[in-house]
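A short worksheet on the structure shown next.
Nothing fancy with the numbering, it's 1 onward along the sequence.
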Amino acid sequence: MSDRPLAQTVAALQPRARTELAELVAFKSVADPAQFPRSECEAAARWITDALRADGFQDVALLDTPDGTRSVYGFLPGPAGAPTVLLYAHYDVPPPLDEDAWISPPFELTERDGRWYGRGAADCKGGLIMHLTALRALKEHGGVPVNVKVIVEGSEEQGTGGLERYAEAHPELLAADAIVIGDAGNFRVGLPTVTATLRGMTLVRVRVDTLEGNLHSGQFGGAAPDALAALIRILDSLRAEDGSTTVHGLAADATWDGLEYPEAEFRKDAKVLDGVGLLGGGTVADRIWSRPAVTVLGIDCPPVVGATPSVQAGARALVSLRVPPGTDAVEATKLLTAHLEGAAPWGARVTVEQVGQGQAFRADTSSPAYASMAAALREAYDGEEMQTAGMGGSIPLCNTLAGLYPDAEILLIGLSEPEAQIHAVNESVSPQELERLSLAEALFLGQYAKSRG
């Protein structure tokens, strides 16, 4: 057993954390075989199973989930009678987008200006390294004081619900007294934050057809119904003049009553260009944590280079709708579908296909586990008090776990603070945040064990 303080042990583990994060980032684990080989995700999953076994986990398994991907599970037994804590992360990542826009290769962890850059460094491969580092530190200080289950999802970014459906079919597998979701982030670097709410989401493909085939725009343009123009009108109908989301029947006037997000800070974090206004009304926190938000993620249409003078017969788009707590994602999907179909001009044929869906989540921040986490974060962050904030993103598994285990206390922490620029080019993680949150998680597990003793 180590005689040095726990914080020093966590600090001494950081070189190993960096090495392992680099190995994980190197896997191009985008859970979409149309973009990257399935073998990349499979290799990442095997890396995780090997790491868990090396750290003494039992019952390590690759779970074949209904969406065709794999999640990784392991169990680390603690003292007799100790509570059980489930630690969550995901190893799949979004595509790197424009690789030429990355200053360093997206799948090569690169240190620059005090941060480590690479796709998944913060979201959420760094979250797994955070969990492992916390457990390793505790082992050097007398052992892990709780039973630990680890689940690492393989398709969180796709929103296809594989792990959710697996958990529903095997409800005993992930049962726990407390659940730590390592896929959120501090409001600001150095400001310890737990996430109290998550927006849910629905993801749909909308297709517009108007002609049997493309037509010469000189011969037919002006009378022939243009599918691309119809799609543009449909998508434009999803926003009001001020840019706020307007889906017929969907409430969009809720307000946020917690930690505020100053507009100047948001503009800086979002890298909004000078002179460009923000969307919507109300506070920034209202808009990103308490109200629905539609985003057109992609459009299939001819690229500018090589385009011909044609009236388009068909076009399609991928549309995401984030919905706040209190709004049912299933109902939101119905409303979005009806809106898209009803907005079609000129009798254009519209087909809407649901791709993914997840419910919103609201945590009970008055639970005893939050008191333990507050004390742990205060110590890890040198006296800084824990803050609670919302998160505009979605983690669909949260509501599934809350439904399966209503008595479990669910906490959300992680490495995705604004500077991390998750999902964008040049994603990065703060090594200082990784160290402090690893320490905080180790302290939390100790505090939680005592509170349940």
Side-chain angles (χ1 to χ4, degrees), residues 1-2 4-14 17 55 76 78-79 82-89 122 124 126-150 176-196 258-259 363-389 391 398 408-417 429-453:
M1 188 168 104
S2 176
R4 61 188 175 187
L6 185 62
Q8 290 185 12
T9 300
V10 171
L13 289 167
Q14 290 309 292
D55 276 322
L76 185 68
T84 298
V85 178
L86 174 68
L87 305 179
Y88 167 90
C124 181
L128 172 61
I129 298 301
M130 175 185 74
H131 294 326
L132 294 178
T133 301
L135 297 174
R136 289 164 181 166
L138 287 170
K139 286 179 182 178
E140 293 190 30
H141 286 261
V144 180
V146 296
N147 300 299
V148 174
K149 294 179 179 180
V150 165
D177 299 292
I179 300 169
V180 179
I181 305 290
D183 193 22
N186 287 340
F187 181 72
R188 183 77 57 219
V189 170
L191 184 63
T193 311
V194 293
T195 298
L259 183 69
D364 177 10
T365 57
S366 66
S367 68
Y370 274 86
S372 296
M373 183 60 78
L377 287 167
R378 186 185 307 115
E379 183 174 344
Y381 280 81
D382 301 322
E384 286 281 351
E385 293 294 334
M386 180 183 79
Q387 304 292 319
T388 59
M391 191 167 84
C398 281
E409 302 173 81
I410 302 178
L411 305 98
L412 294 100
I413 61 173
L415 300 162
S416 297
E417 37 76 27
V429 69
S430 162
Q432 291 77 28
E433 291 287 79
L434 175 57
E435 181 177 335
R436 285 183 290 208
L437 284 167
S438 298
L439 173 60
E441 184 164 278
L443 292 167
F444 163 75
L445 294 174
Q447 292 270 3
Y448 186 68
K450 292 177 183 176
S451 73
R452 295 292 299 264

Non-neighbouring partners of Gln432 that pass side-chain hydrogen bond (donor to acceptor under 3.5 Å, both in side chains), sequence neighbours left out: Ser430
Only pairs at least two apart or in different chains count here, so list each salt bridge (Lys or Arg N to Asp or Glu O under 4.0 Å) that has a residue in residues 373-384. Arg378-Glu385
Ring pair (Phe, Tyr, Trp, His ring centres under 6.0 Å) filter on Phe187, not counting sequence neighbours, yields Tyr261
Side chain of Asn147, backbone of Ala82: donor and acceptor closer than 3.5 Å? yes
Give a yes or no on whether the backbone of Gly414 and the side-chain of Ser416 come within a donor-acceptor separation of less than 3.5 Å. no
Nearest 0.5 Å, what's the OG1-CG distance between Thr365 and Leu411? 10.0 Å
Among residues at least two apart in sequence or on other chains, which ones pass side-chain contact (heavy atoms from CB on, under 4.5 Å) with Thr195? Ala184, Leu198, Met391, Leu412
Tell me every residue that passes side-chain contact (heavy atoms from CB on, under 4.5 Å) with Ala7, counting only those two or more places apart in sequence or in another chain. Leu439
So, the side chain of Asp177 versus the backbone of Thr84: is there a donor-acceptor pair under 3.5 Å, distance only? yes
Side-chain donor-acceptor distances from residues 441-449 under 3.5 Å, at least two apart:
unit_1: Glu441; atom_1: OE1; unit_2: His131; atom_2: ND1; d: 3.0
unit_1: Glu441; atom_1: OE2; unit_2: His131; atom_2: ND1; d: 2.8
unit_1: Tyr448; atom_1: OH; unit_2: Glu409; atom_2: OE2; d: 3.4
unit_1: Tyr448; atom_1: OH; unit_2: Arg452; atom_2: NH1; d: 2.8

For Tyr381, the side-chain hydrogen bond (donor to acceptor under 3.5 Å, both in side chains) test, sequence neighbours excluded, returns Asn186, Glu433
Please lay out, stage by stage, how Ile410 and Ile181 fare under the test side-chain contact (heavy atoms from CB on, under 4.5 Å). CA-CA 7 Å; Ile410 302 178; Ile181 305 290; 4.1 Å; yes
Counting only N and O atoms by type, is there a donor-acceptor contact under 3.5 Å from the side chain of Thr133 to the main-chain atoms of Met130? no
